[in-house]
Amino acid sequence: VSETSPDTHSAAAARTRRPSAVGGMDVGRFVRERGRRWARFEALLRDVERLPDHEMGATRLLELVRLYRQTCSDLNEARSGTANAELLGRLNGLAGRGYRIVYRRSLGRRLLDEARRFVAVGAPAAFRRERASVLAAAAAFLLGAALGFGAVVASPDNGARLVPPQFHTESPKDRVERIERSEERVDSLDEASAFSAFLFTHNIRVSFLAFSLGALTLVGGAWILFYNGVIFGAVTAAYVLDGVSLFFFAWVGPHGALELPAIVFGGAAGLCLGRALLLPGSQSVGASLRRALPSVWRMLVATALVLIVAGFVEGSLSQMSAKTVPYPLKIAVAALLFAGLIFWLFGRRLGPEEEEA
Amino acid sequence: VRAAHPRVILTPEHVEIRLEPAGLGSRFIALIVDLILVTALTGMVSQVTRGVLPGAVGIVAQALALLVLTWGYHVYFEVRHQGQSPGKRIVGIRVVDGRGLPLSLEQSFVRNVVRVLDALPVGYALGAIVCQLDPHRRRLGDIAADTLVVRERHGQAYERRSTGARAFNSLRTPRVLRLVRHRVGLEEREFLATLCLRADGMEDKARFDLMEEVGRHYKERLGIEDPHMSGENLVRGLAGVLFAEQAAGRAGR
């Protein structure tokens, strides 16, 4: 047994030098010999958790890695020799913190680069990879819309049953006449921006809630998409039956062209994560979640961005009647926005960068 | 309510690391601290944006800033500050990836988006219930992102609070040592050590009763015939023998 290298001696060596009472280890000695090393490790951990790597410097980082490995071996040694809960707890805690530092991924690029890459490649690539979820979500919404529309066309009374009561205070035709006769609803920039801000804040919260429900239950997310489709279909049918479809599409179109896809996108992200969580297949749940998460969070951020733009459109252009903006122009803007959105996410060639994203 | 279980991970060094889940209470305190901070920040941001920028621009800037603050506060701290928001730092807990690594941006984002569901219907009731039912104490957001909130131990002065460092120990006889070596398993040793460490925090009566009961058990098991030795003396003596603190203590001083 070498007395000159106290750092590297093994449990067996420690036992040979000082036979302990019952074949376990001599805890007091163990702590006295290694305690300073652990304290140094803890101090380094505190620094590395606070400072960026370049301020830590290579020497200290290497020292940290070395101390991490030594602490791991101390932990193993302590586990085999003692059941002292406090000693094991302390070593376990230190090793856990070290593990997080030693095996972490390198931190990302600069924020602006990240943002540019996100818009150019990240978001479209995520939507393409998860197109099955997007199609499933769109199908749930459209199925609901078709059923809602069909039900109201078959019997207009169904409208009252399908649509929550706060939405039908007057007949669509009366409403259109009232809106077209009265002053513009939103007539100042302040009012428009306040209304827009309210809309996107609220819509993002609701779509994140729908996402969460889908992610944890799958069925709940599909149901929300379907039910929103039913309401949309039923309301559309009511306006079409009353002969005011031009007004309806000009009124809902500009923001609807973004908002309805955003509902589908948020729902699709929920379905995607829900599938990973509840139907992981042959992978572990953790592995399956980690595969899905990079796409899912990009889809969510894209949903939020689309909803912000939709909020501004809904707060301003959508509220204007024919007195200010002719309806065909509003419908043209709606078509343009929808086409732009689809082109952004699905239309362009991404090239080899897509694989990497 | 299910008991909390640590998640065990195996590092490439072949060391098991146990991630101890944080309890509901400490998480709730952390949440309240963060809530107060977010509210204060919200107020400040509103003052600045509405005060500095004119009319419509101010309204929009305020809404966007609040949006970023609402959804970004936790994400920023969890990703950039090793899983600790200020509230979590104060109570000594940390969010980590389910495998013990730092959590990634996407994990942090998703667990904080699902926060809206956990917060339902009021005061995080749903999240708290799910948390108590889950063995790793995860709320819905943690389940969806495979993250854990772990308790962090801070360096304790366990050297002084030794399990049984005493100058004289009548149990240190060859016969008892041999019996102890053969009959007291690792789990029992852990139990005895923990009992000694926790005894100081116990109510007097509870402590006396527990120590007497444990002492009776070991007197029988090890055939110690000493009617005057109290239960606590026996337990501490045994722990002292088991962890050989006596020798270390004498050598150290």
Side-chain angles (χ1 to χ4, degrees), chain A residues 18 20-24 26-29 31-32 35 39 42 49 69 72-73 75-76 82-87 89-90 92-93 95-96 99-100 103-105 108 189-190 192-194 196-197 200-201 204-205 208-209 211-213 215-216 273 277 285-286 289-290 293-294 296-297 300-301 308, chain B residues 11 13-15 17-19 55-56 59-60 62-64 66-67 82 96 98-102 104-107 109-110 113-114 116-117 140 143-146 150 152-153 155-156 158-159 161-163 165 172 177 180-181 186-187 189-190 193-194 197 241-245 247-249 251-252:
Chain A
R18 183 177 290 281
S20 76
V22 285
D26 183 339
V27 174
R29 189 190 176 89
V31 170
R32 251 180 299 114
E42 192 165 14
E49 282 168 3
R69 301 212 196 288
C72 279
S73 114
L75 175 58
N76 260 353
T82 175
N84 185 320
E86 275 191 67
L87 173 64
R90 179 175 186 207
N92 181 59
Y99 178 68
R100 266 196 295 285
Y103 291 100
R104 70 181 171 192
R105 288 188 292 182
L189 204 57
D190 281 12
S193 44
S196 304
F200 69 68
T201 307
I204 287 173
R205 173 166 291 275
F208 280 2
L209 192 61
F211 157 80
S212 307
L213 212 57
L216 286 149
L273 196 64
L277 180 70
V285 176
L289 282 176
R290 266 177 211 95
L293 280 168
V296 167
W297 96 273
L300 281 175
V301 173
I308 290 174
Chain B
T11 75
E13 290 80 22
H14 277 271
V15 176
I17 293 176
R18 278 162 215 175
L19 303 174
I59 295 169
V60 171
Q62 181 197 17
L64 289 175
L66 294 189
L67 199 69
Q82 296 290 321
V96 299
R99 300 168 302 178
L101 294 169
S104 61
L105 175 60
E106 53 260 30
Q107 283 178 309
F109 191 82
V110 166
V113 164
V114 179
V116 281
L117 192 59
L140 293 173
I143 293 172
D146 192 21
V150 298
E152 200 115 280
R153 275 171 188 266
Q156 284 155 333
Y158 57 87
E159 289 154 79
R161 290 173 57 194
S162 55
T163 51
R172 237 182 138 68
L177 288 182
V180 164
R181 193 180 304 139
L186 199 63
E187 273 180 25
R189 295 177 188 196
E190 183 160 2
T194 316
L197 290 171
V241 167
L242 282 168
F243 298 104
E245 288 281 339

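Chain letters run A, B, ... following the sequence lines, proteins first, then strands; residues in each count from 1.
In this structure the side chain of A:R290 never reaches within 4.5 angstrom of the side chain of B:E106, judged on heavy atoms. The shortest distance between side-chain heavy atoms of B:F109 and A:V301 falls below 4.5 Å.
Using a 4.5 Å cut-off between heavy atoms, B:L66 does not touch chain A at all. The contact between A:L293 and chain B is made by backbone and side chain atoms together, counting heavy-atom distances below 4.5 Å.
In terms of heavy-atom pairs under 4.5 angstrom with chain B, the leader among A:V296, A:L289, A:V285 is A:L289. When the candidates B:A63, B:G100, B:G98 are compared by the number of heavy-atom contacts under 4.5 Å with chain A, B:G100 comes out ahead. No other option in A:L75, A:L209, A:L213 has as many heavy-atom pairs under 4.5 Å with chain B as A:L209. Among the candidates A:L277, A:L273, A:N76, the residue making the largest number of heavy-atom pairs closer than 4.5 Å to chain B is A:N76. Taking chain A as the reference chain and counting heavy-atom pairs below 4.5 Å, the highest number among B:Q107, B:R18, B:Q82 is found for B:R18.
Scored by the side-chain contact (heavy atoms from CB on, under 4.5 Å) test, B:L67 finds A:F200, A:I204, A:I308, B:W71 as partners (sequence neighbours excluded). Not counting sequence neighbours, the partners of B:R99 by the salt bridge (Lys or Arg N to Asp or Glu O under 4.0 Å) test are B:D97.
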Going through the checks in order, is the side-chain contact (heavy atoms from CB on, under 4.5 Å) test met by B:V114 and A:F211? CA-CA 8 Å; B:V114 179; A:F211 157 80; 4.0 Å; yes
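Taking every heavy atom of both residues into account, B:V116 and A:S212 meet most closely at CG2-OG, 4.0 Å.
For the atom pair CD1 of B:I59 and OG of A:S193, the computed distance is 4.0 Å after rounding to the nearest 0.5 Å. Note: A:R100 CZ to B:L19 CG = 7.0 Å, rounded to the nearest 0.5 Å.
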